[in-house]
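Some notes on the structure that comes next.
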Amino acid sequence: MVIPPPNVTGSLHIGHALTVAIQDSIVRWNRMQGKVVLWVPGCDHAGIATQVMVEKRLWKEKKKSRHEIGREQFIKDVLHWKNEKEEEIYRQLKMLGSSLDFNRASFTMDKKNSFAVNEAFIRMFEEGMIYRQEHLVNWCCSLQSAISDIEVEHIEVCGESLVDVPGMTEPVKFGVLEMFAYPLENSEREIVVSTTRLETMLGDTALAVHPDDSRYKHFLGKYVQHPFTGQRLQVIAEESVKSEQGTGALKVTPAHHMTDFMIGKKHNLESVDILDDKGYIKKEIPIFGALPRFIARKMIREALKERGLYRGMEQHKYTIPICSRSRDIVEPRLKPQWFLQCSEQAEKAIQAVRKGELQIIPASHANVWEEWLGNIQDWCISRQLWWGHQIPAYRITNTNELVKSTKETWIAAHSGKQALLKACIKLGVKQNQIQLERDPDVLDTWYSSALFPFSVFGWPEDSEDFKQFYPLSMMETGHDILFFWVARMVMLGQKLTGKLPFSKVVLHGMLCDANGKKMSKTLGNVVDPVDVIHGISLEELDKKLHSSFEKGVLSAEEHKRALNGQKELFPNGIPQCGADSLRFALLSSNIKSQTVNFDVKYVRSCRNFCNKIWQGTRFLFGVMKEGYSASTYNLYEVHDKLSSMDYWILSQLSNLVDTCNQSFPDYNFHLATTALQDFWIRQFCDIYLESVKPTLKSTNGQSRNLVINVMLNCIHTFVRLINPYMPFLSEDLYQRLPEPLGNEKALSVNITSYPLSEEYYIWKNSRIEESMKLVLEIIKETHRLKLELGLTNASFPAAIVGVNDSELLGSLESFSTVITTLVKLNSTTFQFVDSSNTQRPGWVARVIDNKIKVFLEGQMSPRKAVMQTSQVEKKIYLLKSELEKLTRMFSDPGYKTKAPETVKESHLKKKAYLEAELQKLLTLKETSS
């Protein structure tokens, strides 16, 4: 496995901790299965995100932009940032207990990965799979770069809204549809168009109407005149125009809208890019040149009014594209970029899932996978940044007179020297006859990340590591990057290595806060896993936010909002919980759900569970010190000497081993964590340990030794079972525990064998388990009876358990000491009692079921007896009402035909339970009257 490389933008957050907890549990479980396991760590350079962070800090500290200090110095600053954050990330990963091979730590821009990135580009460029073309891209004016779809947030506004935009002193109005008129040439007629981005009218090159729209048919082929540029715009027929939208006439701006771009290509229209890279209107455009685009919007509105061409505005539902990095408004712009053809590889990725060669878990994501890849567009892989892999492409800038070419010529190579040699061969010239210029742009971060599963093992070299460890066994990551990362790994892995990079993808849900809200620094609900491990006060949390504000990461408004959110979520700070508690809490949710909620309070409860494990083990060490011989440690050899409780707890242990082993292949960690807690707290500590205390205090050395052996066997097994979830606690306890049968102890619990179902199957005992269910019900009801009689734990009445089934009586008699101990009784006697023998003067009775009744020594006061009768009658009424509802539902024809079988089964179980409870109460009422 490889870790999804965290970005070097900052330290890890709790979402990374979830990924680590999941992956490390899988890794540890497989390692304990005796498999050769390799888990490779790494960090991602995160081009845009990291550059933005460093630029913010540069501006905050020195009031300088990257352009002012130059590319060389800026890269040095970013490398300093990267080294600082990378060291912090690896420190956090170790604190979380991750068993990564840190000797193999890989950075996406290190020498090995950079060579692989360049080699992949060169190969695909020379095959024609990578090409350069002018195309519409998401352009961030603040970053002065194209950005990917994943970096665009879509904010919906329902009508006029004011939005803060970087670089603007006043908020900008959005959510309005503005209308203006284009006058027809040599006519008094006009065509009115509408737009949400008024400034783009400066780039209009045609008007389009539907050919069947009777309002405009007679205008087809005619021209309107642009009011500011004087350009003639033809009215063209276009079937994609929706006559019912707006005015039914569409202004066509091919350089700034995808639909318009496609219309422009179809009709061979000119594309006029009105913006420069910073978001200013280009200087050469009349009247409005050199103005910021949103200032120009206001001025165009006023200029249209002056010319009598403005036709007003109306409220309009609108989606604003916002750059997630800079918060600037994203502009569609026509730019020359590098693209990667995806259709062929996307189809192979679809087929891999259809054929079962690639399994996606949960399977529900397979449909989305097919839908997305089936509609894939070519991938824009270039970014106008300084931080990242510089594109290994060289443009021939001049040639001698012998070489004439109007077409731009590019060469892909690992170095300028190699590019020059390739260019000379391609053009048939000498080296001194041409010059080359390397593209200053860098590759999209996702491009290098897509190569990570094989570049970390030395690809393109056919190294031993590559042969042994590629393809990976599986990939585990968040479902939110299924397409941006997983799909691209699959496409490029198949293309460049001829193999799928992995055969299984496990996707976990998006981590949210306790209220189900997505985590965000601006909401104050982002949690540093280190703060959960060590604990932190609210004051220190506020200081961390203030530091982010000081570094320019948060604006003043974001800082204020985050402080309020943080105070609401963590009014008393975060208590110290430890790494094991954090991991266990994260894995206690169904990780395959769409969202996984994180609540610090639950982590705290998991810390209490860790303490319970520690205290239970200490109890064993305490009784061992008082005298213990391991001569009979092999329990199976002395199984005939074990008590019913010993058999019961070993059977429960066998069930626990089953659940833990079944949970890993299906990634249902929450089922295992629930079973682990239930076993340790309820079954082992609350029931078994409490029940055997009299034996441990007895002078019978053999019985005492047997109980200690059972305890030791349970704890030793349990410690190995929890190791994938709680590496620190399990290691500590393992080192303190004696080894079974005197075998040599392994150096670490990590390399012991994980308990297997077949090893513990011998202890399964369904008969004992069924008997114990009844015993626990007897214990529960006898406890209640003591409370109703007003008896405290200092009172030890006698109890008689009457059973009207001789076979059942025989199976329960051996548990009399258990009942006496757990209920704190003087004695417990099992007797055969026929159904007619229901009264016992001086004793209070409680019905367990139609075969069992408990008699407790004591007398209930008349007042309590009346109250109990009243409560019983009330419960009987409620139970009968519930059963009547179910009966009516069962008889409904619609229920019979439409209700799912699982629902029907659930209702039948409920009915059986309610009937059993009702029978108990009716018997109780009858015997107490």
Side-chain angles (χ1 to χ4, degrees), residues 590 593 670-671 674-675 678 682 766-767 769-790 799-805 807-809 811-812 819 823 833-840 843-856 858-929:
N590 183 353
S593 299
H670 60 297
L671 300 182
T674 300
D678 187 56
R682 190 179 69 86
S766 57
R767 182 183 61 80
E769 286 185 30
E770 287 302 314
S771 297
M772 192 60 185
K773 283 180 184 177
L774 288 172
V775 170
L776 292 175
E777 189 66 22
I778 293 168
I779 289 169
K780 183 181 75 173
E781 293 301 330
T782 310
H783 259 303
R784 284 184 182 174
L785 207 48
K786 277 188 72 175
L787 290 172
E788 289 169 11
L789 289 172
I800 296 172
V801 181
V803 184
N804 64 15
D805 183 307
E807 185 179 346
L808 181 60
L809 177 64
S811 68
L812 295 177
I819 297 171
V823 187
V833 180
D834 63 37
S835 55
S836 62
N837 186 7
T838 58
Q839 300 296 327
R840 192 174 289 271
W843 297 70
V844 180
R846 174 59 49 87
V847 175
I848 304 301
D849 60 19
N850 59 356
K851 293 183 179 181
I852 304 171
K853 181 183 289 187
V854 173
F855 299 91
L856 193 66
Q859 198 69 39
M860 188 175 290
S861 68
R863 181 171 175 272
K864 281 191 176 179
V866 171
M867 286 178 63
Q868 186 188 65
T869 302
S870 174
Q871 288 172 356
V872 168
E873 288 178 346
K874 184 178 179 180
K875 288 179 181 176
I876 288 172
Y877 173 77
L878 292 172
L879 286 171
K880 284 182 175 179
S881 298
E882 282 293 309
L883 283 166
E884 285 173 6
K885 284 181 187 176
L886 283 174
T887 303
R888 285 196 300 271
M889 184 169 63
F890 290 156
S891 61
D892 187 328
Y895 176 86
K896 292 177 181 178
T897 56
K898 296 178 182 178
E901 290 302 316
T902 53
V903 173
K904 290 179 182 177
E905 185 180 345
S906 174
H907 287 156
L908 285 171
K909 287 180 180 178
K910 183 179 179 180
K911 181 174 180 286
Y913 170 77
L914 293 174
E915 287 173 338
E917 289 296 302
L918 179 60
Q919 186 57 47
K920 279 187 195 178
L921 293 173
L922 289 171
T923 307
L924 177 62
K925 181 182 177 183
E926 180 186 341
T927 56
S928 59
S929 59

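From L856, atom CG reaches atom CZ of R846 across 10.0 Å, with rounding to the nearest 0.5 Å. From L812, atom CG reaches atom CD of E770 across 11.5 Å, with rounding to the nearest 0.5 Å. To the nearest 0.5 Å, the span separating CG on L785 from NZ on K780 amounts to 13.5 Å. Atom CG of L918 sits about 11.0 Å away from atom NZ of K911, to the nearest 0.5 Å. To the nearest 0.5 Å, atom CD1 of residue I800 and atom NZ of residue K853 are 12.5 Å apart.
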Could you list the donor-acceptor pairs under 3.5 angstrom formed between side-chain atoms of residues 882-894 and any protein atom two or more places apart in sequence or on another chain?
from: T887; atom 1: OG1; to: L883; atom 2: O; distance (Å): 2.8
from: S891; atom 1: OG; to: T887; atom 2: O; distance (Å): 3.3
from: S891; atom 1: OG; to: R888; atom 2: O; distance (Å): 2.8
from: D892; atom 1: OD1; to: G894; atom 2: N; distance (Å): 2.8

Verdict with reasoning, R682 to L776, per side chain to side chain contact (heavy atoms under 4.5 Å, CB included): CA-CA 11 Å; R682 190 179 69 86; L776 292 175; 3.9 Å; yes
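Between the side chain of K851 and the backbone N or O of L808 there is no donor-acceptor pair closer than 3.5 Å. With T674 contributing its side chain and L671 its backbone, the two residues share no donor-acceptor pair below 3.5 Å. In terms of modelled atom types and a separation under 3.5 Å, the side chain of N804 and the main chain of N850 share a donor-acceptor contact.
The shortest distance between side-chain heavy atoms of V823 and K786 falls below 4.5 Å. Between V801 and T782 the shortest side-chain heavy-atom distance does not fall below 4.5 Å.
One finds no salt bridge joining E777 and K773 here, because no Lys/Arg side-chain nitrogen approaches an Asp/Glu carboxylate oxygen to under 4.0 Å.
Around atom NZ of K880, no more than 12 heavy atoms belonging to other residues, nucleotides or ligands sit under 6.0 Å away.
The side chain to side chain donor-acceptor pair (under 3.5 Å) check on H907 picks up Y895, with sequence neighbours excluded.
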